Amino acid sequence: MPSTVRTRFAPSPTGYMHIGGMRTALFNWLWARHNKGQFILRIDDTDQARNQEAALGPILRAFRWLGLDWDEGPDVGGPYAPYYQSQRGELYRAAAEKLEATGQAYRDYATKDEIDADRKQAEREKRPYINIRRSLELTDAQKAAFTAEGRPWVLRFLIPRGQKVALDDHIRGHVEWETALLPDPVILRGDGSPLYNFATVVDDAQLQITHVVRAEEHLSNTPVQILLHQALGNTLPEFAHVPYVAAPGSKEKLSKRKIDQYRKNPQFKKMFEKADEVFGQLGLTGSAALDPVMVEYYERVGYLPAAVLNALGRIGWSLDDSTEILSLETMIEHFTLDRVVQAPAGFDPDKLYSFQGHWMKELPLADKLDGCLPYLVQAKLLAEPVSEPMRKFVEAIIVGLGERLKVFSDILAADYFFRDDFAVDEKNFDKRVRKEGVPAHLAAFRRRLQSVEPFTVPAIESALQAYCQETGEQTGTLIHALRLATTGQPVGPGVYDCLVLLGREKSLARIETALARCRT
RNA sequence: GGCCCCAUCGUCUAACCCGGUUAGGACACAGGGUUUUCAUCCCUGCAAUGCGGGUUCAAAUCCCGCUGGGGUCACCA
């Protein structure tokens, strides 16, 4: 038995990485790293229908994006390879034979119809359903006859009835079950393939997993797994059942199946709207394929791994009574299972957004540039390859945007720096430009702009101050009017920054266009 | 319905294990200030121990019950 801590995350290839599952994976990873142990990725693809190579891609991509590396698993291999359940058939077969040979598992010839009838009968009588062990009554002659005629069967684990299974969970504490209430689980299908509850036990033992850290919906699977481990003579791993991640503002498990109703969830709503907006500009099909339950959503909208990790780490876990900002390093240093809370926790998009603000602020300018550029290219606002002067230009915009740039895709809101056919916010244009006296001031100040030297922020600012001083007009009037005229938007970088970024020529032209617009 | 889990501000949580805090922090929200916009930043405010019994000088904290919420009951994982 290795002395080192070994944890695992065992996703089944579903084609996307669930944000809640990611939190569970993070806790596994953190516990392994905290103890300088190993984190293993194992692919639970025993269900043939789900076994597709393409369905695994997004999951590995999510781990890589967040920087959660695995010591053993797909691509990297390891001493207990292979790490795909679909390739570990021999292990399950051997374990199943062992159980059958020792009388701890039996072939069940019951048909589906029979079982359904039993179940309904139990329901009618209002008693818990426990499978009827008819096949156990079979004589050797009958069994031989069934085998001879090729009658289908499944292998069931024989639950030792009349005892208690106890678990001392790292998070839930002491939990007990009565084995009399546990039906004999099928461990091998008719075609000989293993079922989850069995495969996971065989794998956890063979992979020398020391701590099974998983979501609490697996708690009810645990007694069967413990019994299976005992029957196999395995050393029992320790268990930690973490609360599941709930939908924002609820206690219900966050589920991909409820995605349509999440669109109406007030907090999720903003995220869907953001997706529609961003993916629309990127020429993608909208948020239909990408939603906030998937990790990929956050990557594509331009969130930072540090922010997502920070938010995930604070769902159901805390360092102390006041620390909110957590880097991965800090979490590794302090993460312990006993500080994981017991109650389910709602995922909070607002809080994630706030963490994102923090980590974006910390990000070096060069990294912000690298993060923004791909959006501009994909939205066709920039052509590839991006020239050095253009990179400098975008960098200057990012500086001007300051903390208004929360997620990378926010750079798309500054599209007016890249195109002349930018959208004009009509409502604000009416309010700030198309107003008594304003066009005249705009025209007059435009003339001064023609001769401001040099065309820099301080020079333009003093020119505007001087103009207002002379005319007695409020600076705010000019500032707002200039912004709407040159960018079409009521918000953005400082106006002087905008003018400089645009350059004298474009600034003058846009003011002229705005003036013309006022006359129509 | 059976089994199991859970219960502190709107949300995430601290304090619970080892009873004694004006029940702390953060997000959100509201108000004020700075930036003559917006965002940022600063200040202030709002706001919680589900209910009922015990035990105790003292209960968010220990015990019991209730209520409520949730998970799970497959030849899915």
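Proteins come first, then strands; the chains are lettered A, B, ... in the order of their sequence lines, and each starts at number 1. Because the structure is a prediction, the values reported are computed rather than measured.
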State yes or no: are the ring centers of A:Phe335 and A:Trp317 separated by less than 6.0 Å?
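Yes, close enough.
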
Side chain of [X]: nearest nucleotide among [options]?
X: A:Thr46; options: B:U72, B:C6, B:A77; value: B:A77
X: A:Pro128; options: B:U72, B:C27, B:G2; value: B:G2
X: A:Leu219; options: B:C4, B:A28, B:U72; value: B:C4
X: A:Tyr244; options: B:G71, B:A74, B:C4; value: B:G71

Would you tell me whether [X] and [Y] have side-chain atoms, one donor and one acceptor, within less than 3.5 Å of each other?
X: A:Asp203; Y: A:Tyr92; value: yes
X: A:Arg339; Y: A:Ser318; value: yes
X: A:Asp44; Y: A:Gln85; value: yes

Scan A:Asp184, A:Asp118, A:Asp108 and name whichever one has a salt bridge (charged side-chain N to carboxylate O under 4.0 Å, His left out) with A:Arg134.
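Checked A:Asp184, A:Asp118, A:Asp108 against A:Arg134; only one passes salt bridge (charged side-chain N to carboxylate O under 4.0 Å, His left out): A:Asp118.
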
Nearest-Å distance once atom [atom1] is located in both [N] and [M]:
N: B:A7; M: B:U13; atom1: P; result: 11 Å
N: B:G10; M: B:U49; atom1: C1'; result: 16 Å
N: B:G20; M: B:G24; atom1: P; result: 15 Å
N: B:C38; M: B:U22; atom1: P; result: 41 Å
N: B:U11; M: B:U56; atom1: P; result: 36 Å
N: B:G25; M: B:C64; atom1: P; result: 33 Å
N: B:G53; M: B:C12; atom1: P; result: 29 Å
N: B:C66; M: B:A23; atom1: C1'; result: 25 Å

Is it true that A:Lys435 and A:Asp430 have a side-chain N and a carboxylate O under 4.0 angstrom from each other?
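Salt bridge: no.
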
Look at the side-chain N and O atoms of [X] and state whether any lies under 4.0 Å from the OP1 or OP2 oxygen of [N].
X: A:Arg127; N: B:G1; value: no
X: A:Arg339; N: B:A15; value: yes
X: A:Lys251; N: B:G10; value: no
X: A:Arg124; N: B:G1; value: no
X: A:Ser318; N: B:A14; value: yes
X: A:Lys351; N: B:U13; value: no

Could you run down nucleotides 37-51 of chain B 5' to 3' and tag each one B, S or - for protein heavy-atom contact under 4.0 Å?
BBSSS----------

Under 6.0 Å from the ring centre and within 45 degrees of the ring axis: does the NZ or CZ of A:Arg151 meet both conditions for the six-membered ring of A:Phe146?
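A:Arg151 over A:Phe146 ring: yes.
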
Is the charged tip of A:Arg23 near the ring of A:Phe27: under 6.0 Å from the six-membered ring centre and within 45° of its axis?
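Because its charged atom sits under 6.0 Å from the ring centre and within 45° of the axis, A:Arg23 does stack over A:Phe27.
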
I need the CG-P distance between A:Asp116 and B:A74, as an integer number of Å.
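Between P of B:A74 and CG of A:Asp116: 10 Å.
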
Round to the nearest Å and state the distance from A:Gln225 atom CD to B:C73 atom P.
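Value for this atom pair: 12 Å.
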
With heavy atoms under 4.0 Å as the rule, sort [X] into base, sugar-phosphate or nothing.
X: A:His218; result: base
X: A:Glu324; result: base
X: A:Arg314; result: base
X: A:Asn197; result: nothing

Any strand: nucleotide that pairs with [N] via Watson-Crick or wobble, under 3.5 Å:
N: B:U21; result: none
N: B:U8; result: none
N: B:C41; result: B:G33
N: B:C46; result: none

When you match A:Val175 and A:Lys270 each to their closest nucleotide on RNA chain B, which lands nearer the 5' end?
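Residue closer to the 5' terminus by nearest nucleotide: A:Val175.
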
I want to confirm an ordering. Mapping A:Tyr496 and A:Gln267 to their closest nucleotides on RNA chain B, which one lands closer to the 5' end?
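Comparing both residues, the 5'-ward one is A:Gln267.
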
Look at the side chain of A:Glu252 against the base of B:G70 and say whether a donor-acceptor pair falls under 3.5 Å; ignore hydrogens and angles.
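Under the 3.5 Å cut-off, the side chain and the base do not form any donor-acceptor pair.
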
Are the side chain of A:Thr330 and the backbone N or O of A:Leu326 linked by a donor-acceptor pair below 3.5 Å?
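No; zero donor-acceptor contacts below 3.5 Å.
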
